[in-house]
Amino acid sequence: MNTSIPERRIDALLARYAQSHRHPMNEIIHCICVPAIVFSLLGLCWTISPAVALVVAAASLAYYLRLSPAFAVGMLAMAALMLVLLARLPTGAVLPVSAAVFVLAWIGQFIGHRIEGKKPSFFEDLRFLLVGPLFVLAFLYRRWHIAY
């Protein structure tokens with residue numbers, strides 16, 4: 001009889017993601033580049049319409065809420081901050097800033113994986129594009145002793 005507590009889906013996803021993110025330099029790069037990519041993606045959506053950026057943020061928050069309410073709160077705060085920053089940028093600056101940040105952050109990500117010697121997790125499973133921000137947030141939550 002198995003009396004162990006089943007592993008939560010979020011714990012399993014973070015553990016799988018962590019398998020290709022163990023090198024300290026790759027972790028540092030991810031802590032910088034993953035939020036930058038999120039910001040740039042919201043910015044690219046913003047250039048279509050601020051409403052599109054809000055819908056994308058809301059859809060991702062719905063996924064995060066299913067995985068972990070605590071993570072959803074953290075991601076809500078991060079998304080809100082990023083959307084406020086985008087709203088404060090001059091309209092003509094959103095697209096070039098977002099595009100430049102997107103390209104530079106992905107270059108950083110691939111450099112990190114080159115250092116790590118492992119391919120990015122999302123090559124196996126596209127869900128890891130949404131798990132990456134949680135990996136960074138989990139680092140902060142552990143540091144601040146916040147349960148997720």
Asker: Check whether any side-chain N or O of S40 sits under 3.5 Å from a backbone N or O of A99 as a donor-acceptor pair, and report yes or no.
Answerer: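 Pair absent, no side-chain N/O of S40 close to backbone of A99.
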Asker: Checking the side chain of S98 only, and the main-chain atoms of L95 only, is there a donor and an acceptor separated by less than 3.5 Å?
Answerer: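 A pair under 3.5 Å: no.
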Asker: Please determine whether side chain to side chain contact (heavy atoms under 4.5 Å, CB included) holds for the pair Y148 and L137, giving the CA-CA distance in whole Å, both sets of side-chain angles, and the decisive distance to 0.1 Å.
Answerer: CA-CA 10 Å; Y148 56 85; L137 196 54; over 6 Å; no
Asker: Heavy-atom distance under 4.5 Å between the side chains of L89 and W46, does that happen here?
Answerer: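 No - every pair of side-chain heavy atoms lies 4.5 Å or more apart.
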Asker: Starting from W144, can I reach M78 by hopping between I/L/V/M/F/W/Y residues whose side chains sit under 4.5 Å apart?
Answerer: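 Shared cluster, yes.
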Asker: In the structure I gave you, are the side-chain heavy atoms of V136 and F139 within less than 4.5 Å of one another anywhere?
Answerer: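 Not in contact.
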Asker: Any non-hydrogen side-chain atom of S68 less than 4.5 Å from a side-chain atom of R9?
Answerer: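 No. Closest side-chain heavy atoms not under 4.5 Å.
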Asker: Treat each ILVMFWY residue as a node, draw an edge where side-chain heavy atoms are under 4.5 Å apart, and state whether L41 and L104 are in one component.
Answerer: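 No, L41 does not connect to L104 through the hydrophobic network.
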Asker: Can you check side chain to side chain contact (heavy atoms under 4.5 Å, CB included) on V55 and V52, steps first, answer last?
Answerer: CA-CA 5 Å; V55 167; V52 171; 5.7 Å; no
Asker: Any side-chain to backbone donor/acceptor pair from Q109 onto C33? Under 3.5 Å, distance only.
Answerer: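 Checking the backbone N and O of C33 against the side chain of Q109, no donor-acceptor pair under 3.5 Å is found.
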Asker: With distance as the sole test, does Y141 use its side chain to make a donor-acceptor pair with the main-chain N or O of G74 at under 3.5 Å?
Answerer: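 Yes; judged by distance alone, with no hydrogens or angles, the pair exists.
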Asker: Mind listing the closest non-hydrogen atom pair of G108 and I29 along with its distance?
Answerer: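 Smallest heavy-atom distance, with atoms named: O-CG2, 3.1 Å.
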Asker: Working to the nearest 0.5 angstrom, can you tell me the gap between L67 CG and D11 CG?
Answerer: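 With rounding to 0.5 Å, CG (L67) is 10.0 Å from CG (D11).
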Asker: Hey, quick one: are I146 and V73 part of the same hydrophobic cluster, counting side-chain heavy atoms closer than 4.5 Å, chains of contacts allowed?
Answerer: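 No, no single cluster joins them.
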Asker: Just to verify, which of L65, L61, L81 counts as forming a side-chain contact (heavy atoms from CB on, under 4.5 Å) with L76?
Answerer: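 The option that passes is L61.
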Asker: Taking atom types as modelled and ignoring hydrogens, do the side chains of H23 and H113 form a donor-acceptor contact shorter than 3.5 angstrom?
Answerer: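 Side chains of H23 and H113: no pair found under 3.5 Å.
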Asker: When you compare the side chain of F71 with that of P133, does any pair of heavy atoms fall below 4.5 Å?
Answerer: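 Counting from C-beta outward, P133 and F71 never come under 4.5 Å.
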Asker: Assigning hydrophobic clusters by single linkage (Ile, Leu, Val, Met, Phe, Trp, Tyr; side-chain heavy-atom cutoff under 4.5 Å), is L129 placed with F123?
Answerer: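 L129 clusters together with F123.
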Asker: Nearest 0.5 Å, what's the CG-OG1 distance between L86 and T47?
Answerer: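 It comes to 9.5 Å.
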Asker: Counting only heavy atoms not in R114 (residues, nucleotides, ligands), do more than 12 fall under 6.0 Å from its CZ?
Answerer: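 Result for CZ/R114: open.
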Asker: Hey, what's the ring geometry for W106 with F122, parallel, tilted or perpendicular (30° and 60° as the breaks)?
Answerer: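 The rings of W106 and F122 stand perpendicular, inter-plane angle above 60°.
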Asker: If we ignore hydrogens and angles and just use 3.5 Å, is the side chain of Y64 paired with the main-chain N or O of L130 as donor and acceptor?
Answerer: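 Yes.
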Asker: Which value, rounded to the nearest 0.5 Å, describes the distance between Y17 atom OH and D125 atom CG?
Answerer: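 Rounded to the nearest 0.5 Å, the OH-CG separation comes to 12.0 Å.
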Asker: For residues L134 and L14, determine if any side-chain heavy atom of one lies less than 4.5 Å from a side-chain heavy atom of the other.
Answerer: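 Touching, per the 4.5 Å side-chain cut-off.
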Asker: Can any side-chain N or O of H21 pair as donor or acceptor with the backbone N or O of E27 at less than 3.5 Å?
Answerer: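 Pair absent, no side-chain N/O of H21 close to backbone of E27.
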Asker: Could you walk me through whether E124 and R16 pass the salt bridge (charged side-chain N to carboxylate O under 4.0 Å, His left out) check?
Answerer: CA-CA 11 Å; E124 291 177 22; R16 278 187 51 213; 3.4 Å; yes
Asker: Do you reckon F39 sits in the same ILVMFWY cluster as L140, going by side-chain contacts under 4.5 Å, direct or chained?
Answerer: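 The answer is yes; both residues are in one hydrophobic cluster.
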Asker: For A57 and L83, which heavy atoms make the closest approach, and how far apart are they?
Answerer: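 Nearest pair, atom of A57 first, then L83: CB-CD1, 4.3 Å.
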Asker: Considering all heavy atoms of both residues, which atom of V101 and which atom of A36 are nearest to each other, and what is their separation?
Answerer: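 Nearest heavy atoms, V101 then A36: CG1-O, 3.4 Å.
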